[in-house]
**Student:** 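Here's a structure for you.
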Amino acid sequence: MLSSCCRRLLHVLVPSFPPLIRGLRLCPGHLMKPLVVFVLGGPGAGKGTQCARIVETVFYIAKACFNFLILPASAASLVLGLQKYGYTHLSAGELLRDERKNPDSQYGELIEKYIKEGKIVPVEITISLLKREMDQTMAANAQKNKFLIDGFPRNQDNLQGWNKTMDGKADVSFVLFFDCDNEICIERCLERGKSSGRSDDNRESLEKRIQTYLQSTKPIIDLYEEMGKVKKIDASKSVDEVFGEVTKIFDKEG
Ligand code: ADP
Ligand code: AMP
């Protein structure tokens, strides 16, 4: 009875949800390489906001399948919980802020100094934090091999560090670029600063962060653009409008 239900469920899923099935095809058995989408854009462009929405989007298939499968209610709610795109969000900035707070970390003070100055923290620290999170996520669940890496690579040093450490160990699918006017970015971060408690959400730090973005990060985006790997989105629109564009990309790319 159960296996016949599973067969019928797969029969419904396969034609209806290409991103899920593509993910499964890319991940045969336990031999999975991390699949990475780099998420870039100026400070306040909305990277974190949109990544959270990508992660939170779930399949609403239970209602559609319920009558067909005649599943008990508990099984239907399980089906509802399926993530549509199956990504884990890793924010380089967030990982660095967490590390700074860790009293046992030898890097706390150094990280604070860099963040306040809007400068880019040495790559060894950032990569070791990203790699640790990726390894832990996949160790807990081998199917969770898709990552949105937000705020990385932010400069040439980041990119070289990634290539050196992760070459052959992870595949970069594409770069999701949130393109947003600098003044809009600053206004959003100042607004966020009213409640974020972040030491860098003030005008002085923001001017420096925008300069760092233009001088160091934008050239990395341009480099990926030359390789045809950039998916650019107008991030000055509303959260819902931006997410509408994001969805189109992930529905196609998986
Ligand atoms: P980033 O991760 O790129 O620094 P966030 O996602 O934290 O940016 O967004 C910065 C601030 O702007 C947050 O307070 C967020 O609520 C707000 N925000 C994000 N996207 C939009 C948008 N499209 N329109 C208006 N405000 C936004
Ligand atoms: P964010 O949360 O993305 O706005 O990043 C906040 C700050 O964390 C940046 O201004 C940098 O100081 C630091 N940071 C974030 N990402 C990186 C990175 N990839 N490499 C080094 N430093 C970073």
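Numbers for residues simply follow the sequence, beginning at 1. Counting convention: from 1, in listed order, for ligands and their atoms alike.
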**Student:** In this structure, does ligand 1 have an atom that sits under 4.0 Å from one of the heavy atoms of G42?
**Tutor:** yes
**Student:** Using a 4.0 Å cut-off to any heavy atom of N158, which atoms of ligand 2 qualify?
**Tutor:** 18 (C), 19 (N), 20 (N)
**Student:** Could you go through R132 and D135, starting from their C-alpha distance and side-chain angles, then the distance that decides it, and tell me whether this counts as salt bridge (charged side-chain N to carboxylate O under 4.0 Å, His left out)?
**Tutor:** CA-CA 5 Å; R132 185 184 70 193; D135 290 346; over 6 Å; no
**Student:** Look at R203 together with E207 and state whether they make a salt bridge at an N to O cut-off of under 4.0 Å.
**Tutor:** yes
**Student:** If you measure from each non-hydrogen atom of V123 to ligand 2, which part falls under 4.0 Å: side chain, backbone, both or neither?
**Tutor:** neither
**Student:** Any nitrogen or oxygen of R192, main chain or side chain, under 3.5 Å from a nitrogen or oxygen of ligand 2?
**Tutor:** no
**Student:** What I want to find out is whether K248 reaches D251 closely enough, with some N-O distance under 4.0 Å, to be called a salt bridge.
**Tutor:** no
**Student:** Taking 4.0 angstrom as the limit, do E56 and R53 come out as a salt bridge?
**Tutor:** no
**Student:** Taking the six-membered ring for Trp, is the centroid-to-centroid distance between F250 and F174 below 6.0 Å?
**Tutor:** yes
**Student:** Which residue from V121, D150, L130 reaches closest to atom 21 (C) of ligand 2 through any of its heavy atoms?
**Tutor:** V121
**Student:** Check this for me - ligand 1, G46, N or O atoms closer than 3.5 angstrom, yes or no?
**Tutor:** yes
**Student:** Please state which protein non-hydrogen atom is closest to atom 17 (C) of ligand 2 and give its distance, to 0.1 Å?
**Tutor:** R154 CD, 3.5 Å
**Student:** Return a yes/no value for A45: is any of its N or O atoms, backbone included, closer than 3.5 angstrom to an N or O of ligand 1?
**Tutor:** yes
**Student:** Using a strict cut-off of 4.0 Å, indicate which atoms of ligand 2 neighbour a heavy atom of K119.
**Tutor:** 11 (C), 12 (O)
**Student:** Side chain, backbone, both or neither: which applies to S238 and ligand 1 if a contact is any heavy-atom pair less than 4.0 Å apart?
**Tutor:** backbone
**Student:** What protein heavy atom sits nearest atom 2 (O) of ligand 1, and how far away is it?
**Tutor:** G48 N, 2.9 Å
**Student:** Quick one: does R198 get a heavy atom under 4.0 Å from ligand 2?
**Tutor:** yes
**Student:** Distance to 0.1 Å, residue and atom name: give those for the protein heavy atom nearest to atom 2 (O) of ligand 2.
**Tutor:** R97 NH1, 3.0 Å
**Student:** Please determine if K146 forms a cation-pi arrangement with Y87, meaning its NZ or CZ atom is less than 6.0 Å from the six-membered ring centre and no more than 45° off the ring axis.
**Tutor:** yes
**Student:** For ligand 1, find out whether one of its N or O atoms is nearer than 3.5 Å to an N or O atom of C189.
**Tutor:** no
**Student:** If only atom types and distance count, is the side chain of E187 paired as donor or acceptor with the main-chain N or O of I184 below 3.5 Å?
**Tutor:** no
**Student:** Judged by non-hydrogen atoms, does G44 sit under 4.0 Å from ligand 1?
**Tutor:** yes
**Student:** Report yes or no: do D181 and S236 form a side-chain donor-acceptor pair below 3.5 Å?
**Tutor:** no
**Student:** Out of E241, K237, R188, R192, whose heavy atom is nearest to atom 7 (O) of ligand 1?
**Tutor:** R192
**Student:** Check this for me - ligand 1, T49, N or O atoms closer than 3.5 angstrom, yes or no?
**Tutor:** yes
**Student:** Taking the basic N atoms (NZ, or NE/NH1/NH2) and the acidic carboxylate oxygens, is any pair closer than 4.0 Å for E94 and R97?
**Tutor:** yes
**Student:** If you draw a 6.0 Å radius around NZ in K208, do more than 12 non-hydrogen atoms from other residues or ligands fall strictly inside?
**Tutor:** yes
**Student:** With heavy atoms under 4.0 Å as the rule, classify the contact between N155 and ligand 2 as side chain, backbone, both or neither.
**Tutor:** neither
**Student:** Any N or O of G151 that comes nearer than 3.5 Å to an N or O of ligand 2?
**Tutor:** yes
